[in-house]
Structures are given as structure tokens and as C-alpha cells.
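Order of appearance sets the numbers: ligands from 1, and atoms from 1 within every ligand.
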Amino acid sequence: MALALMTDLLREAERHNKAVGAFNVADMEMIIGAIKAAETANTPIILQIAQARLVYSPFHLIAPMMVSAARAAKIPVAVHLDHGQTLDVIQSALDYGFTSVMIDGSSLPLEQNIAITNETLAAAKKYGAGVEAELGTIGGSEGGAEKKAVTTDPETVKEFLSRAPADALAVAIGNAHGHYRGTPQLDFEVLKTIRALTPAPLVLHGGTGISDEDFRRCIDCGIRKINIATATFDAAADSIRAYCAQHDTPVFFGIHEAAVQGVYENVLRHIAVFNNEEKS
Ligand code: 13P
């Protein structure tokens with residue numbers, strides 16, 4: 001039984017100045033590839049899916065698969081709902097056995113974000129599950145509409161967390177979901193200011209396209225969970241495309257293996273950086 005609590009993984013990451021990789025998955029091949037990479041690296045990970053992606057991956061199918069894969073893994077794996085938008089889906093995730101949920105109240109006024117985060121905390125508490133909240137707005141799109149970025153205001157972090165004590169806080173510091181237009185410009189001064197105000201584990205969304213050096217700087221500034229989605233979807237697609245180019249008559253199980261392998265390599269690469277062992 002390796003189903004882990006996100007809160008335990010983040011605490012361990014804090015002790016060792018690392019970040020836990022949180023990898024978005026959409027199907028069985030991605031789950032298999034991600035867990036295989038975590039086992040190879042002997043490093044815990046978080047498997048997650050965003051609420052907006054449930055149109056492709058019906059929750060009643062993908063959720064039991066994620067939880068079951070985590071239970072069977074040889075290393076601790078937490079299972080997390082990414083960008084939860086509604087309390088009914090959050091409740092379903094908890095019922096399926098997810099060990100943490102994100103409530104994305106980032107587009108709401110502060111008071112409403114605090115209120116919905118507290119409702120999520122109350123629901124999660126009954127299951128011993130963790131809660132990630134978001135303050136400021138991360139730009140780009142995680143399967144839904146494009147959002148306009150609003151940098152997290154350090155002034156409100158303390159108030160937010162004192163009134164809605166989430167287990168992890170997603171920050172907006174120039175990071176964005178999807179492919180960046182140009183080189184990402186992360187605001188490390190804002191990150192450091194937030195870090196000085198709270199010991200809460202901080203979460204970096206929009207991991208695709210961020211350099212290894214910037215990942216390490218983020219970890220050194222208190223980022224403890226890093227989300228990777230687009231890079232994994234791209235890795236699976238690229239690997240399938242390469243397999244098909246090499247075979248005149250591609251077969252389904254060849255495509256399956258290519259997808260698993262693409263995800264495996266991508267997750268393994270990110271875990272090596274997030275373990276923050278080699279200083280450049
Ligand atoms: P990317 O798609 O940019 O990797 O972002 C992932 C993410 O933050 C999921 O919430």
C-alpha cells in the first residue's frame with residue numbers, strides 16, 4: 001500500500017530542500033509511465049488530473065485507476081485533484097480516495113476564495129486529505145479558458161492563509177499553463193517575499209518550458225510541488241508519432257508502448273531536477 005498523503009510528501013520535500021513532481025495524467029498509459037519513472041528514480045510523486053480534463057477522462061474510470069496504481073506502486077504516490085472548480089467534483093475525488101484536492105478560487109474575489117477554500121478544507125478534513133489553494137491567478141489554460149495572469153500579492157498571503165489554512169499554496173509569479181510565449185520570466189523577488197511570510201509549502205504550476213536552473217532556484221525559494229502537464233502530453237504524442245513514422249503498419253500495442261515510454265522518460269527527467277541534488 002503506497003498511497004501517500006500529499007502533506008507527508010511535501011513535509012519530506014521541505015526537510016530535504018526538494019520539490020515533489022506532480023504529474024498530470026489522462027489515461028492508463030500515462031499512469032503506468034509516470035509510476036514506472038518514480039519507481040526507477042525511487043522517488044515519491046503526485047499523480048493528478050485537472051477537473052477541466054474530465055471531459056476526456058471520465059472521472060469514474062480514471063479516478064479508481066489512479067488510486068489503484070498508487071496503491072500498487074513500490075514507492076509512495078499521492079493522488080490529487082488539480083484545479084478543482086466545484087465542491088461536487090471535490091467531494092467525488094475524496095470519495096474515490098484522492099489524498100488531496102486543489103480548490104482553484106483564483107478568479108474569485110478574496111473573500112469568496114477564502115470561503116470556498118474553507119469549505120474545501122472542511123470536506124477534506126473528514127478524509128484526512130490535504131488541500132491546495134491558489135492566490136493570484138496563474139496565466140494560460142489548464143484545459144479550460146485562457147486566464148489572464150495576476151501576480152500573487154505577498155501582502156494578502158498571510159491574511160489568506162491565516163483565514164483559510166490550506167496545506168499548500170499555488171502562487172502566480174510569471175508562471176503559466178501550456179506553452180510559454182518566449183522565455184518564462186519568473187519573479188523570484190515575489191517568491192522570496194512570499195516565502196519569508198509563510199512556512200506553507202508553495203506550489204509552482206505551469207512547469208512545462210521552465211529551465212532546470214529556474215526549477216532549482218524555485219526550490220531554493222520554497223517551492224515544494226511542481227506541476228507538469230503539457231510536457232507529458234507532448235512527450236506521449238511525440239513518442240507515438242516517432243513510433244508511427246518508423247512502422248509502415250503501426251499496431252495498437254506499439255502505440256501503447258510508445259506512449260508509456262514517452263511519459264516515462266519525461267517524468268524521469270523532471271524528477272532528477274526536482275530532487276535538487278546536483279547544483280549547477
Ligand atoms: P503545464 O501544462 O504548463 O506543465 O502546467 C501544468 C500545471 O500547472 C497543472 O496544473
Side-chain angles (χ1 to χ4, degrees), residues 6 10 19-27 30-31 33-34 37 45-57 62 66 78-85 89-90 93 98 100-107 120 130-152 166-186 191 201-212 214-215 218-219 223-238 262-263 265-271 273-274:
M6 175 189 78
L10 298 186
V20 185
F23 298 98
N24 289 65
V25 292
D27 67 5
M30 291 185 181
I31 295 171
I45 59 166
I46 298 167
L47 275 187
Q48 62 183 18
I49 186 160
Q51 180 170 340
R53 301 285 187 196
L54 299 179
V55 287
Y56 299 102
S57 313
I62 193 91
M66 291 166 74
V79 180
H80 177 76
L81 176 70
D82 186 30
H83 291 284
Q85 300 158 354
V89 171
I90 283 171
F98 280 35
S100 55
V101 290
M102 176 183 186
I103 175 66
D104 180 352
S106 62
S107 305
T120 305
V131 173
E132 176 184 337
E134 179 174 331
L135 194 59
T137 309
I138 296 157
S141 157
E142 178 48 63
E146 282 272 324
K147 286 189 182 172
K148 193 173 170 322
V150 180
T151 302
T152 306
D167 302 290
L169 185 70
V171 292
I173 54 163
N175 47 323
H177 295 114
H179 293 290
Y180 288 88
R181 294 184 197 99
T183 308
Q185 303 293 333
L186 302 184
L191 183 56
L202 303 176
V203 183
L204 184 74
H205 285 242
T208 298
I210 291 179
S211 68
D212 293 356
D214 277 0
F215 279 138
C218 283
I219 294 167
I223 291 288
R224 295 291 164 243
K225 173 177 181 273
I226 301 179
N227 289 7
I228 302 289
T230 305
T232 307
F233 303 144
D234 288 351
D238 289 348
V263 172
E265 287 169 14
N266 175 64
V267 171
L268 200 57
R269 185 189 97 59
H270 283 97
I271 288 175
V273 179
F274 301 164

Check: Side chain of Arg224, backbone of Val203: donor and acceptor closer than 3.5 Å?
Finding: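 Side chain of Arg224 to backbone of Val203, a donor-acceptor pair under 3.5 Å: no, none is there.
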Note to self: Show me, by chain and number, every protein residue that has a heavy-atom distance under 4.0 Å to ligand 1.
What the structure shows: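 Within the 4.0 Å shell of ligand 1, which is judged on heavy atoms, sit Asn24, Asp82, His83, Glu142, Ala176, His177, Gly178, His205, Gly206, Gly207, Thr208, Asn227, Ile228, Ala229, Thr230.
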Checklist line | Where Phe233 and Ala26 come nearest, the two heavy atoms and their spacing | finding: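 Scanning both residues completely, I find the closest heavy atoms to be CE2-CB, 4.1 Å.
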Next item on the list: Applying ring pair (Phe, Tyr, Trp, His ring centres under 6.0 Å), name anything that partners Phe98, two or more places apart in sequence or on another chain.
Entry: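 Phe98 satisfies ring pair (Phe, Tyr, Trp, His ring centres under 6.0 Å) with Phe59 once adjacent residues are dropped.
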Check: With sequence neighbours left out, what residues match Ala235 under side-chain contact (heavy atoms from CB on, under 4.5 Å)?
Finding: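 Testing Ala235 for side-chain contact (heavy atoms from CB on, under 4.5 Å), a comparison that skips the adjacent residues, returns Asn266.
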Next item on the list: From the options Leu10, Leu191, Thr152, select the one residue that forms a side-chain contact (heavy atoms from CB on, under 4.5 Å) with Leu202.
Entry: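 Result: among Leu10, Leu191, Thr152, Leu191 is the only option passing the side-chain contact (heavy atoms from CB on, under 4.5 Å) with Leu202.
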What donor-acceptor contacts under 3.5 angstrom involve side-chain atoms of residues 132-139, with partners at least two apart or in another chain?
unit_1: Glu132; atom_1: OE1; unit_2: His80; atom_2: NE2; d: 3.2
unit_1: Glu132; atom_1: OE1; unit_2: Lys225; atom_2: NZ; d: 2.7
unit_1: Glu132; atom_1: OE2; unit_2: His205; atom_2: NE2; d: 2.7
unit_1: Glu134; atom_1: OE2; unit_2: Ser106; atom_2: OG; d: 3.2
unit_1: Glu134; atom_1: OE2; unit_2: Ile138; atom_2: N; d: 3.1
unit_1: Thr137; atom_1: OG1; unit_2: Ser106; atom_2: O; d: 3.2

